[in-house]
Every structure is written in C-alpha cells, then in structure tokens.
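Have a look at the structure below before the remarks.
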Amino acid sequence: PNAKYLQGLEDSLGATLRDPNGAIRVRPTLQLDNDACNNIFVPGDVNNLPAGAKFSMVVSPQADLVAANIKAMIDSRANGQETSAALKQWDGRVANATVVPIGRSKGVGQLFGLVLGNSRFADFLVRNIKGKDYFLSKAAQNFKHVK
C-alpha cells in the first residue's frame with residue numbers, strides 16, 4: 001500500500017504507524033493504532049487488516065463502522081464520557097471469494113477455499129456470478145454515500 005505520506009507524522013510522533021509491509025496499523029475499531037491519533041480512522045485496503053477485508057465489497061461496511069464510531073466519539077465527548085467503550089469493532093467477517101471472468105463465457109475463481117478453474121462448472125458460476133456486468137451494479141451500491 002502507498003502509505004509513505006505518513007512519514008512526517010511518524011517522525012513527529014517518534015513512532016512507526018506502518019507494519020513491515022507498509023500497511024497502516026489499525027485497532028479493531030479501525031482507528032490508527034496510536035494513542036496520540038485515536039481520532040484518525042483507516043478503512044480500506046491501506047490498513048493492516050487481513051487480505052479478505054480489502055475487497056471493494058467491504059469498503060461500504062467499513063465506512064459505515066467508521067461513521068458510527070465518529071458519531072459515538074462526538075456524542076460521548078459531548079456528554080463528558082469515555083469514548084472507547086462506545087466504539088464498534090470490525091468483526092472481520094467477509095466472504096472469502098474471488099471470481100475473474102475470462103471473456104464472456106469463461107472464468108476462474110475461489111469461493112470459500114474451493115478453487116474454481118478450467119471446468120464447465122467454474123465457467124458457469126463465474127459467468128452467472130460476475131460475468132454479466134463485472135459487479136458494476138454492486139460497485140454503485142458500495143459508493144451510495146458518495147454524491
């Protein structure tokens with residue numbers, strides 16, 4: 001991930017905010033994993049969550065969680081309460097699935113650990129799961145918050 005822009009913040013904090021692979025370390029609440037920066041949230045593929053949490057289909061649920069956590073922080077601070085207890089955590093439950101159409105009628109993929117490739121069954125599944133519109137209709141739903 002491209003997270004080199006954090007170098008200045010890391011220098012000023014005297015802390016490493018990225019893991020050895022360059023991904024940004026986050027807490028289960030998707031907050032930056034540093035007490036001095038608990039008001040910074042890191043949803044999406046630049047964080048150090050497991051690979052399955054980096055698909056475009058989880059961007060919207062992660063954004064919803066971040067929005068709920070920011071609201072909880074605002075509400076808690078307005079009431080003079082501790083904020084950490086009120087924050088929701090990313091449960092990490094995502095479908096482990098990848099399908100790649102190859103042309104109009106073929107494809108390969110992996111669904112829940114089952115490798116699909118070079119068979120009529122795989123072609124049928126990929127064609128019917130993703131091959132119709134390459135999930136463009138689903139992608140539009142993921143960005144419902146963007147106007």
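What you find for Met73 and Asn39 is that their closest heavy atoms are CE-CA, 4.2 Å. Taking every heavy atom of both residues into account, Asn48 and Val26 meet most closely at OD1-N, 3.0 Å. When all heavy atoms of Ala15 and Asn34 are compared, the pair lying nearest together is CB-ND2, 3.7 Å.
Between Arg25 atom CZ and Leu32 atom CG the span is 10.5 Å, to the nearest 0.5 Å. We find the CZ-CD1 distance between Phe41 and Ile70 to be 5.0 Å, quoted to the nearest 0.5 Å. Here the CG-CD1 distance, from Leu6 to Ile24, works out to 4.5 Å after rounding to the nearest 0.5 Å. Between atom CG of residue Asp64 and atom CG of residue Asn69 there is a gap of 11.0 Å, rounded to the nearest 0.5 Å. We find the CG-CZ distance between Asn47 and Arg18 to be 14.5 Å, quoted to the nearest 0.5 Å.
Residue Leu30 forms a side-chain contact (heavy atoms from CB on, under 4.5 Å) with just one option from Ile40, Val42, Val66, and that option is Val66.
Side-chain contact check for Pro43 versus Trp90: every heavy-atom pair is 4.5 Å or farther apart. Side-chain contact check for Gln62 versus Leu49: some heavy-atom pair is nearer than 4.5 Å. Glu10 places none of its side-chain heavy atoms less than 4.5 Å from the side chain of Lys4. Here the side chains of Lys106 and Arg120 are not in contact, with every heavy-atom distance at 4.5 Å or above.
Crowding of Phe121 atom CZ: a count of heavy atoms from other residues, nucleotides or ligands under 6.0 Å not exceeding 12.
Proximity of a side-chain donor or acceptor of Asn21 to a complementary backbone N or O of Ala23 within less than 3.5 Å is not detected.
Using a 4.0 Å cut-off between charged nitrogen and carboxylate oxygen, Arg27 and Asp35 count as a salt-bridge pair.
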